[in-house]
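These numbers come from the heavy atoms of this one structure, side chains and all, not from hydrogens, waters or symmetry mates. On a predicted model such as this, the values are computed, not experimentally measured, just so you know.
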Amino acid sequence: KIKMPKMIVNGTNDPYWAQDALNLYWDDLIGPKYISYVPNAGHNLEEKLPDGTKSYDRAIGVLSGFAASMIHDHPMPKLSWKMDETKDGVGFQVSSDPAPKAVRVWTAEAETRDFRKSTWSAMELTTGQRVQTTVTKPKTGYRVGLVECDYEVEGVTYRLTTQLQIVGK
């Protein structure tokens, strides 16, 4: 029933929630809503970087960007997406106004639908107001994917994402 803008920040490796739990209630949220998944982060949103270090930069960036937009009355990007299941996986069609500074698709694999211990990796996509990509089914097990877009407000870079989708078997 809350119509005010909402920012949801989730870790992709949160041990307390199923990775796709957001998909159960996202469409029922009323008013402006934004999501940012922090790849390779658990419940505390601390991202594990490839070099072994840890960082809260993504979580802090998106919360700072959202707060700056609300405080200074800057419009948030109009990010929308459509996900279509195909025989090969799931296609993502993402639209953004304005165009993001960068776009990437994040994926991870697991033998089951449990991705808590999986390592997510990113592939850069061509930046534009409309982006399409496909997360293909793996030969065995499961793959999960989402699209991430980079924006900037008041000198703060932040990332918004699509919902994630699990494909396989």
Side-chain angles (χ1 to χ4, degrees), residues 6-29 33-67 77 79-94 96 100-127 131-151 156-169:
K6 291 160 273 312
M7 171 58 70
I8 298 171
V9 185
N10 289 337
T12 60
N13 300 77
D14 191 329
Y16 304 111
W17 293 96
Q19 281 71 26
D20 58 351
L22 173 74
N23 296 352
L24 296 173
Y25 62 88
W26 179 257
D27 291 337
D28 295 329
L29 294 174
K33 55 190 176 182
Y34 309 94
I35 178 71
S36 185
Y37 278 99
V38 180
N40 300 308
H43 195 69
N44 67 355
L45 302 177
E46 183 179 51
E47 182 182 10
K48 293 177 183 95
L49 301 172
D51 66 3
T53 60
K54 297 178 180 181
S55 172
Y56 288 104
D57 288 351
R58 279 181 190 271
I60 291 169
V62 73
L63 292 172
S64 298
F66 180 70
L79 180 64
S80 62
W81 56 90
K82 183 177 177 190
M83 300 178 291
D84 292 312
E85 288 190 39
T86 67
K87 64 181 177 79
D88 297 324
V90 64
F92 285 81
Q93 298 172 3
V94 181
S96 178
K101 293 173 40 176
V103 181
R104 64 198 61 78
V105 59
W106 283 91
T107 59
E109 294 185 16
E111 286 303 311
T112 66
R113 293 176 62 93
D114 181 355
F115 295 92
R116 292 178 292 180
K117 298 194 187 243
S118 298
T119 300
W120 288 68
S121 59
M123 182 179 73
E124 296 292 325
L125 300 174
T126 303
T127 301
V131 176
Q132 292 186 347
T133 190
T134 300
V135 174
T136 58
K137 292 180 184 177
K139 291 182 181 176
T140 63
Y142 295 87
R143 182 173 290 141
V144 62
L146 60 87
V147 176
E148 177 183 69
C149 299
D150 292 3
Y151 300 97
V156 175
T157 297
Y158 64 98
R159 295 167 174 96
L160 299 177
T161 68
T162 65
Q163 293 165 264
L164 56 77
Q165 190 72 30
I166 299 172
V167 296
K169 294 188 180 184

Student check: side-chain heavy atoms of Phe92 and Val131 closer than 4.5 Å:
no
Closest heavy-atom pair and its distance - Gly168, Lys137:
N-CG, 4.0 Å
Should Asp20 and Arg113 count as side-chain neighbours, where that means a heavy-atom distance under 4.5 Å?
yes
Nearest 0.5 angstrom please: Thr134 OG1 to Met83 CE, how far?
13.0 Å
Which pair of heavy atoms, one from Arg143 and one from Phe115, lies closest together, and at what distance?
C-CZ, 4.0 Å
Point-to-point distance, once rounded to the nearest 0.5 Å, from OH of Tyr151 to CG of Leu160:
5.5 Å
Crowding at NZ, Lys6 (>12 non-hydrogen neighbours, <6.0 Å):
yes
Under 3.5 Å, side chain of Thr107 to main-chain N/O of Gly145, donor-acceptor pair present?
no
May I ask you to decide if Leu146's main-chain N or O and Thr162's side chain share a donor-acceptor pair within less than 3.5 Å?
no
Applying side chain to side chain contact (heavy atoms under 4.5 Å, CB included), name anything that partners Leu49, two or more places apart in sequence or on another chain.
Glu47, Asp51, Thr53, Ser55
What I'd like to find out is whether the side chain of Thr157 reaches to under 4.5 Å of the side chain of Lys101, using heavy atoms alone.
yes
For residues His43 and Trp17, report the shortest heavy-atom separation together with the two atoms involved.
CE1-NE1, 3.8 Å
Supply the atom-to-atom distance Leu125 CG to Gln132 CD, rounded to the nearest 0.5 angstrom.
11.0 Å
One should read off an interatomic distance between Met7 CE and Ile35 CD1, to the nearest 0.5 angstrom, of 8.0 Å
Are any non-hydrogen side-chain atoms of Asn44 and Tyr56 less than 4.5 angstrom apart?
yes
Enter the distance from Ser80:OG to Gln93:CD here, rounded to the nearest 0.5 Å.
10.0 Å
Minimum heavy-atom separation for Val62 and Tyr158, please, with both atom names.
CA-CB, 3.6 Å
For the pair Asp88 (side chain) and Thr136 (backbone), establish whether a donor and an acceptor sit closer than 3.5 Å, ignoring hydrogens and angles.
no
Roughly how far apart are Leu45 CG and Thr12 OG1, rounded to 0.5 Å?
10.0 Å
Val135 vs Gln165, test: side chain to side chain contact (heavy atoms under 4.5 Å, CB included). Steps then yes/no.
CA-CA 9 Å; Val135 174; Gln165 190 72 30; over 6 Å; no
Smallest heavy-atom separation, Leu164 atom then Asn23 atom, equals O-ND2, 3.0 Å
Could you tell me whether Tyr16 atom OH has more than 12 heavy atoms of other residues or ligands within 6.0 Å of it?
no
Give the intermediate values and the outcome of side chain to side chain contact (heavy atoms under 4.5 Å, CB included) for residues Trp106 and Tyr37.
CA-CA 10 Å; Trp106 283 91; Tyr37 278 99; over 6 Å; no
Within a radius of less than 6.0 Å around NZ of Lys82, do more than 12 heavy atoms belonging to other residues, nucleotides or ligands occur?
no
Show the numbers, then the answer: is there a side chain to side chain contact (heavy atoms under 4.5 Å, CB included) between Thr119 and Asn40?
CA-CA 6 Å; Thr119 300; Asn40 300 308; 4.0 Å; yes
Please test Val103 against Val94 for side chain to side chain contact (heavy atoms under 4.5 Å, CB included), starting from the C-alpha separation and ending with a verdict.
CA-CA 10 Å; Val103 181; Val94 181; over 6 Å; no
For the student: nearest non-hydrogen atoms of Ser118 and Asn13, plus distance
O-ND2, 2.7 Å
